[in-house]
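Data block below; observations after.
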Amino acid sequence: MNPRITLATAARILRQLRGDHRTVALMLVVPCVLLGLLAWVYSDSPVVFDQIGPALLGVFPLVVMFIVTSIATLRERTTGTLERLLTTPLGKGDLILGYALAFGVMAVVQAVVASAFAVWVCGLDVAGPLWLLVVIAVVDAVLGTALGLLASGFARTEFQAVQFMPAFILPQFLLCGLLMPRDRMPGVLEAVSDVLPLSYAVDAMKDVSAQADPLGDVLPSLGVMVLWVAVALLLGSLTLPRRTP
């Protein structure tokens, strides 16, 4: 990988996103709309919203970034753009890391907007520091980006890329501890949930919402999530085909 080429790739993708207003709106507006609907549903039970809101603040950006990234990467292949780019000094690692950096920038913006909306508009009450809430939301969104880049290598059409969302995300959602505490699941399911990244995202968000000083409990969860990001990006660079027939 060449740092200069990687940064140039990230800049190209950001320029493309700047002109794609619908995609930007999807990344920034949809998580806020979903959080707003959730707050409205529990408007008569704000305690319930305070319990599940932080966890979903991690889930919603991850899902949105997964969909956007997998489709955007696939489009590079189906249009032949990727095949042409790889005839230049650009390598697969440069492309994957460039996408990760570009969408990482968008993840920061998305996390700040969604967290601010949840706290100051929806009235989400968290015991921990808000900056840590934003950091976890950023890592969640970057994780969605990394998983989307990995999934895009196995899809041939944009419809297939969307179909991978239930395969990659839905099992994690069911086993992350949001619907049932993980320690109350059957042993096999608990063991599976212990290796899924979304479980640690939900754990981290729960710690921030319930503890005034959660950093000691949050850091191990963040470490697992960052490890998953690194593994997904590595696998994505190894499995990415030059083009889709």
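These numbers come from the heavy atoms of this one structure, side chains and all, not from hydrogens, waters or symmetry mates.
With a 4.5 Å cut-off between side-chain heavy atoms of Ile, Leu, Val, Met, Phe, Trp and Tyr, the cluster of Val29 takes in Val33, Leu37, Trp40.
Separation of atoms CG (Leu26) and CD1 (Ile71) is listed at 8.5 Å; rounding is to 0.5 Å. One finds the OH atom of Tyr99 at 4.5 Å from the CD1 atom of Ile13 (value rounded to the nearest 0.5 Å). How far CG of Leu34 is from CG of Leu57: 11.0 Å, rounded to the nearest 0.5 Å. Taken from CG in Leu147 to CZ in Phe66, the straight-line distance is 6.5 Å, to the nearest 0.5 Å.
The local environment of CG in Asp183 is crowded, with over 12 non-hydrogen atoms from other residues, nucleotides or ligands closer than 6.0 Å.
Between Leu189 and Met185, the shortest heavy-atom distance links the atoms CB-CB, 4.3 Å. Taking each heavy atom of Ser43 and Pro46 in turn, the nearest pair found is O-CD, 4.0 Å. Smallest separation of non-hydrogen atoms from Val202 and Ala55: CG1-CB, 3.9 Å.
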Which pairs would a plain distance check flag for residues 123-143, meaning a side-chain donor or acceptor within less than 3.5 Å of a matching protein atom at least two apart in sequence or in another chain?
none

Scan the side chains in residues 217-230 for donor-acceptor partners under 3.5 Å anywhere in the protein, sequence neighbours excluded, and list what turns up.
from: Asp217; atom 1: OD2; to: Gln211; atom 2: NE2; distance (Å): 3.1
from: Trp228; atom 1: NE1; to: Val195; atom 2: O; distance (Å): 2.9

Distance-only donor-acceptor hits, side chain of residues 164-181, under 3.5 Å, sequence neighbours excluded:
from: Gln172; atom 1: OE1; to: Leu198; atom 2: N; distance (Å): 3.1
from: Gln172; atom 1: NE2; to: Phe168; atom 2: O; distance (Å): 2.7

Under 3.5 Å, which donor-acceptor pairs do the side chains of residues 101-115 form with other protein atoms, sequence neighbours left out?
from: Gln110; atom 1: NE2; to: Met27; atom 2: O; distance (Å): 2.7
from: Ser115; atom 1: OG; to: Ala111; atom 2: O; distance (Å): 2.7

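Leu56 and Val47 sit in two unconnected hydrophobic clusters of ILVMFWY residues. Membership requires side-chain heavy atoms under 4.5 Å apart, directly or through other members.
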**OP:** Would you sort out whether Ser199 and Leu196 count as a side-chain contact (heavy atoms from CB on, under 4.5 Å), showing the intermediate values?
**Re:** CA-CA 6 Å; Ser199 300; Leu196 298 177; 4.0 Å; yes

Subject >> His21 vs Thr23, side-chain contact (heavy atoms from CB on, under 4.5 Å): CA-CA, chis, key distance, verdict >> reply: CA-CA 6 Å; His21 299 148; Thr23 299; over 6 Å; no

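Here the side chains of Tyr42 and Asp50 are not in contact, with every heavy-atom distance at 4.5 Å or above. Phe49 places a side-chain heavy atom less than 4.5 Å from the side chain of Leu38. In this structure, the side chains of Thr6 and Thr9 stay at 4.5 Å or more apart for every pair of heavy atoms.
The list of salt bridge (Lys or Arg N to Asp or Glu O under 4.0 Å) pairs with a residue in residues 194-212, not counting sequence neighbours, reads Arg182-Asp194, Arg182-Asp203.
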